[in-house]
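Everything below concerns the one structure shown next.
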Amino acid sequence: MAALQSQSKIVRWIDHRLPIFTFMQHELHEYPTPKNLTYWWNYGSLAALMLMIMIATGIFLAMEYTPNVNLAFDSVERIMRDVNYGWLIRYIHMNGASFFFIVTYIHIFRGLYYGSYKEPRELLWILGVVILLCMMATAFMGYVLPWGQMSFWGATVITNLFSAIPLVGNEVVTWLWGGFSVDNPTLNRFYALHYLLPFVILGVVGLHIMALHTHGSNNPLGIDRKGPQDSIPFHPYYTIKDMFGVGVFLTIFAIFVFWFPNLLGDPANYIRANPLQTPPEIVPEWYFLPFYAMLRSVPDILFIKAKLAGVLAMFGSIFMLFILPWLDTSPVRSARFRPIYKWVFWLLVIDVLVLGYVGAHRPEGLYVVMGRIATLYYFFHFLILFPLLGIFERPLPLPTSISAAVTKGKP
Amino acid sequence: MADTAQPGPIGGHGHDGETRRDFLAIAATAIAGVGTACATWPLISSMNPAQDTLAAGAPIDIDISGVQPGQQIIVLWRSRPIFVVRRTPDQVKALAADKDAASLRDPTSAANQQAAYAKNVYRSVKPDVLVLVGICTHLGCIPEFVPQPGGSLGASWQGGYFCPCHGSRYDLSGRVFQNVPAPYNLPVPPYHFVSDTVIRVGENPPDSTFDFNSIEQI
Ligand code: HEM
Ligand code: FES
């Protein structure tokens, strides 16, 4: 660690007692980064940006929002109509959730393609999956807060998932609700947790970055850095690249916030919650559709009833991500050098898109068949393809170093 | 007793070099663990229904004199929708014939989704009056009442309930069909006839001790 070289006496005084400047210098400035990172490596910093935006807008929404079944819907309408810039803050928060998930999903598929979950980054990857789970819980509970029809019925369907637990299912659900249905106690606790969880995410993100900085970023070649010729300092090279990504990303985000603020949402959520009237169709937010499709696709399997089987498939799909580092037997990280996986990867992408498509439709006729095949394929991909590919695939020769690949062997 | 944190022979040691200090450390950790677990219990318990929520579950009386044959009304009990249907004579006859039995999950109402007095093909006290908790046993949506045979639910549809959320189907007694996501028949709440036209939901007939909380799946 280079000693801090600052002109400022104050900075040096502080750093001597609390080495925060040294820390930043070390982790952001000198931090050696592979020199061949592509734009697929921008999504991590974009996700961090989204988390900041969600926390900032959320705190200001919380100043105007009232968590009570009789007042919640009106308080959100008041935010939209009467609170200065309330519409803007809420539209940023609403669409921000969607963009947070887009960015995170791309970030995850990037990791899948380049084998970023493999040794020595297993814990880094697992922490990422923990973040994903927390994000899902946060977004689900946030969506309940405006207390529209989809809020209420979405909450009803998702909390009822837990009644599939053998023996204690009903008790667990009553406990979650604090009553005999989704009601005021439910709304209140969801609000408390919706406020808390983003800060839990913040903590896990800290660990995620700590794990990242232990071995550094993976890269498109998937090989380790062999020396200084393979890396460049994070700042200014990647700070500038990240900033450029932020510019492009925020432009697209702004187009949604200002011109299509309700495109990604469900109009039924602008109808006040009615516990006596299930809407003709309950669809979760788009980012949950693939999981929702699995939930409803699975038929009875032997003695396991469809309900429990569906719930197991849904949670199992995330569990696959947790154990992926041990399912993938190939020692080669990057798909660039895996002639078969390179193509097979896209099957998973297509499969998840199909699941998302199925999740948006009533489970009738062809959708049922498609949902079942796609669910089956998802697990086949993880449990069968990943282990077998590593054994039977013949990887291409790896370049000797990052530098060698970039300079094509010329010094 | 040693006054320095040195393992080994200084503390009163046992057979394999364990010391009294090791024992104390383990015992203290165990007690702290148990204590923490006990301390979290009130927190967890506070999330269960509060006393006022529980008290709001008193029985209600429903006047069914205005319910026409073939009609359904919905009332709230314990913040749950209760379906009350007056079945037509044809519907009662169709149920008695029990043609769908082979395609139902639980045609004999074996699962504990109702009291003994509702354990028959009609799943009701009187064949023409059906009382159900209107909550799909899959994930809690309110099923649609589709009494007309046929239609978009297929030629074999004899009338019953269709859940819009994930497509579960129930017959006109609230018995669930096979190969739909819902695992159980719709629950029948405790109820009895106070008079010919008034039913009381939330209370058993005098001769029954059926416990609503013992229901398999609400
Ligand atoms: C991980 C970060 C977060 C995510 C993914 C998230 C997601 C959401 C979602 C999807 C909604 C529903 C929006 C709608 O349809 O109206 C919502 C509402 C809300 N959120 Fe968040 N949120 C996050 C962080 C926060 C934080 C940190 C706070 C408070 C400090 C907060 C406070 C609120 C409030 C008060 C509402 C209700 C107002 C409304 O519905 O617009 N959120 N959140
Ligand atoms: S809640 Fe009725 S089918 Fe899922």
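So you know, we letter chains A, B, ... as the sequences are listed, proteins then strands, and number each from 1.
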Heavy-atom pair count under 4.5 Å with chain B, highest-scoring of A/Pro280, A/Pro299, A/Ala164: A/Pro280

Pick from A/Leu176, A/Asn170, A/Ile282 with the largest number of heavy-atom pairs that fall under 4.5 Å of chain B: A/Asn170

Heavy-atom proximity to chain B below 4.5 Å, by part of A/Trp153: side chain

A/Phe162 versus chain B, the contacting section by heavy-atom distance below 4.5 Å: neither

Check: [X] side chain, [Y] main-chain N or O, donor-acceptor pair, under 3.5 Å:
X	Y	answer
A/Thr278	B/Ile142	yes
B/Asn48	A/Thr174	no
B/Arg78	A/Phe180	no

Separation between CD of B/Glu216 and OG of A/Ser163, rounded to the nearest 0.5 Å: 11.5 Å

Atom of A/Gly179, atom of B/Pro49 and distance for their closest heavy-atom approach: N-CG, 3.7 Å

Stepwise side chain to side chain contact (heavy atoms under 4.5 Å, CB included) check, B/Cys141 with A/Thr156: CA-CA 7 Å; B/Cys141 290; A/Thr156 299; 5.9 Å; no

Part of residues 151-186 of chain B lying next to chain A, heavy-atom separation under 4.5 Å: B/Phe162, B/Pro164, B/Cys165, B/His166, B/Gly167, B/Asn179, B/Val180, B/Pro181, B/Pro183, B/Tyr184

Residues of residues 88-122 of chain B contacting chain A, heavy-atom criterion under 4.5 Å, by residue number: B/Arg105

Trace of the side chain to side chain contact (heavy atoms under 4.5 Å, CB included) decision for A/Asp183 with B/Thr53: CA-CA 10 Å; A/Asp183 210 335; B/Thr53 313; over 6 Å; no

Other residues, nucleotides, ligands: >12 heavy atoms within 6.0 Å of A/Leu264 CG: yes

Part of B/Ile135 within contact of chain A (heavy atom distance under 4.5 Å): neither

Region of B/Arg80 that comes under 4.5 Å of a non-hydrogen atom in chain A: side chain

